[in-house]
Novice: 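Quick one: structure below, then a few questions.
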Amino acid sequence: MSETKARHQAWIAINRAQKRLSDAIEGALKAAGLPQLSWYDVLWELEKAPDCCLRPVELEARLLMPQHNLSRLLTRMAAAGLVDKTRCPDDGRGQRVVLTDGGRRTRTRMWTVYGPALDDALGKLNEPDAGDLVRKLDRI
């Protein structure tokens, strides 16, 4: 197999694996009556942030999500009581997104489904293979 063909096949395999993992996790969350994976990602980034607060542009960079998609998502999450949108104290035109207690509880509930679904999907990899995969992907 040529190097170029092998690289193309690697790209396809990465994308297929990502789709299968996402589909499995999304399916588990839906079956449990929980929000989509993108909601978890926002809640997790906010929970990790200082004061559980980030500006939308910071979330956009961390999530690699287009601004228009993130804006709509944050509006839905605010309506659900999972985040609050507040004015940025050092920029009157800017907003901050703050994790609510309800958002923290929802993220925790989501993890009880997401974590096992992820373990199940990745359970086909033993620890050495998983570590090897991480090292290889980190080189890209």
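These values consider heavy atoms only, across backbone and side chains, with no hydrogens, waters or symmetry-generated copies. All residue numbers in this chain count up from 1 along the given sequence.
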Novice: Please find the pair of heavy atoms, one from Pro116 and one from Trp111, that lie closest to each other, and give the distance.
Specialist: CD-O, 3.6 Å

Novice: If you take all heavy atoms of Arg96 and Arg87, which pair is closest and at what distance?
Specialist: NE-O, 3.8 Å

Novice: Of all residues at least two apart in sequence or in a different chain, which pass the side chain to side chain contact (heavy atoms under 4.5 Å, CB included) check with Asp23?
Specialist: Lys19

Novice: If you measure from CG on Leu59 to CG on Leu64, what distance do you get to the nearest 0.5 Å?
Specialist: 11.5 Å

Novice: Do the side chains of Val42 and Leu82 get nearer than 4.5 Å, heavy atoms only?
Specialist: no

Novice: Check this for me: Lys85, atom NZ, are more than 12 non-hydrogen atoms of other residues, nucleotides or ligands nearer than 6.0 Å?
Specialist: yes

Novice: Would you say Leu37 ends up clustered with Ile14 if hydrophobic residues are merged whenever their side chains have heavy atoms under 4.5 Å apart, either directly or through other cluster members?
Specialist: yes

Novice: Give, for atom CG of Leu122 and atom CG of Leu21, the distance between the pair rounded to the nearest 0.5 Å.
Specialist: 5.0 Å

Novice: Search all heavy atoms of Ala117 against all heavy atoms of Ile25 and return the closest pair with its distance.
Specialist: CB-CG1, 4.2 Å

Novice: Relative to each other, are the rings of Tyr40 and Trp44 parallel, tilted or perpendicular (30° and 60° limits)?
Specialist: parallel

Novice: Is there side-chain contact between Arg62 and Leu54, with at least one heavy-atom pair below 4.5 Å?
Specialist: yes

Novice: Minimum heavy-atom separation for Glu60 to Leu70, with atom names?
Specialist: N-CD2, 3.5 Å

Novice: Flag the pair Val134 / Asp138 as yes when at least one side-chain heavy-atom distance between them is below 4.5 Å, and no otherwise.
Specialist: yes

Novice: To the closest 0.5 Å, what do you measure between CZ (Arg107) and CE (Met110)?
Specialist: 9.5 Å

Novice: How many angstroms lie between atom CG of Leu118 and atom OH of Tyr114, to the nearest 0.5 angstrom?
Specialist: 5.5 Å

Novice: Is a donor on one side and an acceptor on the other found under 3.5 Å between the side chain of Asn15 and the backbone of Trp11?
Specialist: yes

Novice: Please check if the side chain of Ser71 supplies one atom and the backbone of Gln67 the other of a donor-acceptor pair under 3.5 Å.
Specialist: no

Novice: Would you give the length of the straight line joining atom CE of Met77 to atom CG of Asp84, rounded to the nearest 0.5 angstrom?
Specialist: 11.5 Å

Novice: Minimum heavy-atom separation for Pro35 to Thr106, with atom names?
Specialist: CG-CG2, 4.2 Å

Novice: In Å and rounded to the nearest 0.5 Å, what is the CD to CE distance from Glu45 to Met65?
Specialist: 10.5 Å

Novice: Nearest heavy-atom pair of Val113 and Ala32: which atoms, and what distance?
Specialist: CG2-CB, 3.8 Å

Novice: Donor-acceptor pair, Arg139 side chain versus Arg135 backbone, under 3.5 Å?
Specialist: no

